[in-house]
Each structure stands twice: as C-alpha cells, then as structure tokens.
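Order of the sequence lines sets the chain letters (A, B, ...), proteins ahead of strands, with each chain counted from 1. Below, all heavy atoms of this structure are taken into account, side chains as well, without hydrogens, waters or symmetry copies.
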Protein chains: 2
Amino acid sequence: MFLELRHLRSLIAIDAATNLARAAEQVHLTQSALSHQIKAMENYYGAPLFLRNTKPLRLTPAGLKILELARRVLPEIERAEKDLLRHAKGETGRLHIAIECHACFEWLMPVLDAFRKTWPEVEVDIRAGVSFDPLPALQKGEIDLVISSDPLELNDISFEPLFEYEARLVMAHTHSLANKSFIDPVDLKGETLITYPVRRQRLDVFTRFLQPAGIEPLAVRQSELTAVILLLVASQRGVAVLPDWVLLEATQKSSLATRPLTQHGMHGTLFAAVRRPESTMPFMRDFIDLARERGN
Amino acid sequence: MFLELRHLRSLIAIDAATNLARAAEQVHLTQSALSHQIKAMENYYGAPLFLRNTKPLRLTPAGLKILELARRVLPEIERAEKDLLRHAKGETGRLHIAIECHACFEWLMPVLDAFRKTWPEVEVDIRAGVSFDPLPALQKGEIDLVISSDPLELNDISFEPLFEYEARLVMAHTHSLANKSFIDPVDLKGETLITYPVRRQRLDVFTRFLQPAGIEPLAVRQSELTAVILLLVASQRGVAVLPDWVLLEATQKSSLATRPLTQHGMHGTLFAAVRRPESTMPFMRDFIDLARERGN
DNA sequence: AATTATCATGAGATTAATTCAAGATGTTTT
DNA sequence: AAAACATCTTGAATTAATCTCATGATAATT
C-alpha cells in the first residue's frame, strides 16, 4: 500500500501535459518534485512509468495502468469531496426529526414545507416512533433533532427553545364546563377524556394536572388523529386537552369552546433538541427559526 | 483536493474497530496520530466525522460518506496495485513482436507456443506490418520487441543476438544449378527468383548478393507463404533464397536441393531488439532464451 | 559545435505526519 | 461520591516525507 491520490493526480497531469515541467505546473509542484515522485513510484513497482526519450512523452504499460486507475478513481473522489464540502457548508445534510408530542404534526408540517423550499437537498424525515427513546437516539446519531417539552442539562445536546404554548381543555360549546372560566382537575371526574394513544407518562394532562390532584376521569378514549379527536369532542363524546396552536384554527371554524387548566393555565415551552456541534449548522438554524415562527 | 488514500484507510479501520486505539493499531499508527488525522479532516470539511460520546463509536453522515467512498475506491486501488507489482515482477506484461524477416514465422510460432506455456498472462502479439518502421515504433513503446538481422548502436535499444543463419539457394533437385557446389550471382541471370512480397531493400539476396554484382534475375515472382514458395520451387517454377532454418525440415521431406551463395556462404545473425530497461525483465529474457533454442 | 529542451540528481529546506506525554471527559466500579 | 478506567484530545518535540534549488546529464535542434 504505497499509492496515494497525489500520485494519481500527477500521472493525469503528466499524460495531459506530455512533458514533466508543464505537468508540474499543473499540480503546483516543481519539475524536480514530480521527477522525484515518479521515480519513487517506479522504484516501488520496479517498472518505468513512461519513456523519456520520446518527444511527446509516452506512458509505458505500467504507467497506462495507473493512468487508467486515476481516470476511474479521481472523479469519484472529487465528487465525494465536493459533496462533503457542501455538507459542511450545510447546503446538504440530513434532518431526521423525532417528535415526542403528538400534536406537533399540526405545526411541523407547514414548517417542513417551508424548510424544503430553501433546503431542497437536505434529507428530511419524521419519525414518530412511539417505541424508542428519542434522546439516546439523538446522542447516538440515529436521529438529528427531537421536539420535546422537557429540556435536560446535557453537555452534548443543546435544547433550543421554540415557542411557548398553553394546554387547554377543549369541549363542545354547549358543554356544561364551558360555563366555567377555567377548569379544575375535579371537573374532569365525570368526563370522558380523549387522548392520543400514548403512555400516560407522556401526557401533560395526567402528569401535570390530574395525577397531582389524584383525579381519574370517568373514561379515557384514544385516537391517533387530531382531527378525529376534535370531531369526537364536537359531537359530545368527550373532552380533550390540546395545545393552543392546535385549537387556534380549529375553534374558529367549529362550535368548540376552550378553557384554561387551573386559574393560571397550564403553560409549557417546546424545545428542539440537537447535538451541540450541529446546532450551528445553517440548515439547522434555519429550521429552528422557521419553527419559532411556526410557518406563519 | 485534500483527501488522500491514507484517510480512507483510516476511516475503514475506525469503522471496523469502533474505537480509535484499536483502529490505530490496524493502520500501524498511534492513537494520537489517528486523532490528529481525523481532526485535520474534520477541520477541512468543517464537520465532525464521528460521535465520540457513544460507546460503539458511531460515524456521522459525513463520516459515513467518506466510509462509503473508501469502500468503493480502496479495493480498486488495491487490485490495481497488486496487478502493477505482478507486472513488475514480470508475471504479466505485454510482448508485441514486430518481425522484419518474413521467414521468421517459421521458427517464431513454435517459440511462442512454448512461451505462452510459461507466461500465460503476458499479452503476446505479432505484427508483421509491412508498412511501418519497427525500430522507431519500438522506441516509442508501440511494440516491445523487433526481430532484425542488422543491429545498430542505439543507447535505448539493446540488440540481443539470437542465432546465426545461412541464406541458401533452394531449387528442385533436378535443377541444373544443383550440380554446382555453390552459387554465384551470375548463375541467377537466367532464373526466376521467388521472394516474399517486400521491397528489395529488405531482401538479402538483392542487397548482399545480386545488387553488388549488378545482376538482375530473369524474373521475380512473389509469394506470401513460405510453403507456397517451396511448392513453386519444387515444381520447377523458379528458385528462391531462404534461411537455413526454413530449409532444414523442408528439404528432408521433398525433392529439393540447397546450395550456399558464394563460396563461403551468405551468413547472418538474427537479433531481438528490445528497450534496454525491459531487456532484463524475466519474461523478456525467457523469450530470448527460447528463441535461441528455436523451440528445439 | 553550440544551443535548446527536458529529465535526473543530490543536498538542504520545508512541510507534514507521527509520536510522546499529559490532559479532558465520560463511564464504571467500589 | 470518590476512585479507577477507558477513551479521545491536545501541544510540543521528533521524525519522516516531500519539496525546492541548483546543477548535471542527455538528446534533439540549430
């Protein structure tokens, strides 16, 4: 294993220039350096690479073999290198997003649409895998960004705040609870609560509202789709707790009412968790900025 | 253009070892050297190549890209390098032979048959191109060996003597000249001379025998094939001058007589002309040795 | 024979790569 | 929680490889 790309580049230059001195210029070396380099190769392989006593300098079979190799290999290297540099400049890259909050689809989709317009070469993917733990996957490089509402102090992961939200109870506007200005945990004791089909641990209504008060709703129904949940609520089959960004649009167009949880409301902040070294990459910054504007 | 094969080799090792220290061993470096090397790459491309805070060390997208490149390119390089080394050791190579003397086919064929048995990987070719000048072509690398009977003092070409030969007149054994013990130029004045279809300049009968004496034969007929020439001679359609190695076998089996030209015979030596640097290559030496034995 | 064009060579200079020794950092063990 | 461990990083010193400079050699050209 002696060959280096430098040698291949030299051979291409020599073949093109048909003369060592000019070839040397082409690869930004002195004629002497090239001569030494070739000699080293000839030494190693034990065969001359070109005939010197011929006007348009001529490669020997061995020389031709290396030239051929160079012609095959170098363009590939060059292409890869260009790609890598673009990668670094951030023109291209990978953005595999994991979302912990189910409702985030609502704002994520328009954001991604906008994102793709500026960064068509970045490979975007959303992984709503319910099963896997997103943060370790982020640390391991399996995914590139996690949307999360509870930031941790990690030295390899940076949590970028995106925006605040308020989780509100949503119900039919004819619902009795619509008469209250805010909702207490006990109010849900006789209600059917409709949630996304995930563990309770990952639902703020339970962890931050009902469980602290020791309250269990009458029943829990689950639905995958936000639109379905809203339909069920509208048709009086139950109530749900959803973040305000979901409700903003939905309540305007239908007969739904929303009320804050507790007197002061249940507020939270959404974060984008990314690996620190990548947190400054242009397309990453741009995604975060877009998310902050939520596609408006 | 920063990348060198060294980098590709390192990346492959790192991926395989999943740990810098072990990877370093594999490429015969210290762990520190590898670290520096990787850092240089990361620096150049402006992107990390692998995640350090993960137990089985994991490549980033950029790292994977280089790894992929390495997997594509390195085997090709390795193959080419092996081939080149074999080339140098002479196990493989090219032997394009140009023959100046037409009759040489007679002994060359059996020699080449023997040669191919020992050097199956050497690409053999015979070029009896009547048109081109073989020595310049040899100097230019278009061909690799010239069979010639007149050596020159050239510093890039070596003339290796193969064997001596005698050019003799061949005729039907009933021919009147068969009564003479040797042939004088004037003897051919009334004869039809059968030759190979080449310029007179390249025929010894003319340059060394008839022209010095100012003699022109009655007629000249030409034939491409030695066998045909001998048939014509046997059927009394003329006489021919051929080297003894052709005649040895032929005269034994048919009613042909041969006589020396001039009292002392017209002798010559056959040479193999090769480029000096290649004159020591194993398969070249072997070819020359085989030619000297003329396949016996 | 002198001139020109080209490649080769050796010595010294320069640059790049590698090692060494110590330092960080994160993980596992006690 | 501290200690021990595994692993990568860093900076300085060393070594090795590569390059340049100046000149030599050779062959082709004038």
Go through the steps to decide whether A:I99 and A:R127 satisfy the test side-chain contact (heavy atoms from CB on, under 4.5 Å), and finish with yes or no.
CA-CA 7 Å; A:I99 47 183; A:R127 304 182 51 179; over 6 Å; no
Could you point out which residue of A:L152, A:D150, A:L145 forms a side-chain contact (heavy atoms from CB on, under 4.5 Å) with A:S148?
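By the side-chain contact (heavy atoms from CB on, under 4.5 Å) criterion, A:S148 pairs with just one of A:L152, A:D150, A:L145: A:D150.
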So, is A:Q37 close to the D:dT18 phosphate, meaning a side-chain N or O under 4.0 Å from OP1 or OP2?
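Answer is no, no contact under 4.0 Å.
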May I ask you to evaluate whether A:N19 reaches the phosphate of C:dC7, defined as a side-chain N or O under 4.0 Å from OP1 or OP2?
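Checking A:N19 against C:dC7: at least one side-chain N or O falls below 4.0 Å of OP1 or OP2.
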What residues form a ring pair (Phe, Tyr, Trp, His ring centres under 6.0 Å) with B:F2, not counting sequence neighbours?
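Per chain and number, B:F2 pairs via ring pair (Phe, Tyr, Trp, His ring centres under 6.0 Å) with B:H7, B:Y44.
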So, A:R276 side chain and A:I157 main chain: donor-acceptor pair closer than 3.5 Å or not?
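Yes, because the side chain of A:R276 sits within donor-acceptor range (under 3.5 Å) of the backbone of A:I157.
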Judged by atom type as modelled, is there a donor-acceptor pair below 3.5 Å linking the side chain of A:E121 to the main-chain atoms of A:E91?
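It does not hold such a pair.
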Quickly work out the [X] [atom1] to [N] [atom2] distance and round it to whole Å.
X	N	atom1	atom2	result
A:H7	D:dA17	NE2	P	12 Å
B:L5	C:dA17	CG	P	13 Å
B:L49	D:dC8	CG	P	14 Å
A:K39	D:dT18	NZ	C1'	15 Å
B:E25	C:dT19	CD	P	12 Å
B:F50	D:dC8	CZ	P	6 Å
A:R6	D:dA16	CZ	P	17 Å
A:E42	C:dT9	CD	P	10 Å

Its contact letters, B for base, S for sugar-phosphate only and - for none at protein heavy atoms under 4.0 Å, make nucleotides 20-30 of chain D read BB-----S---
Is it possible for you to check whether A:R292 lies under 6.0 Å from the centre of the six-membered ring of A:F163, through NZ or CZ, and within 45° of that ring's axis?
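Not flagged: A:R292 not positioned over aromatic ring of A:F163.
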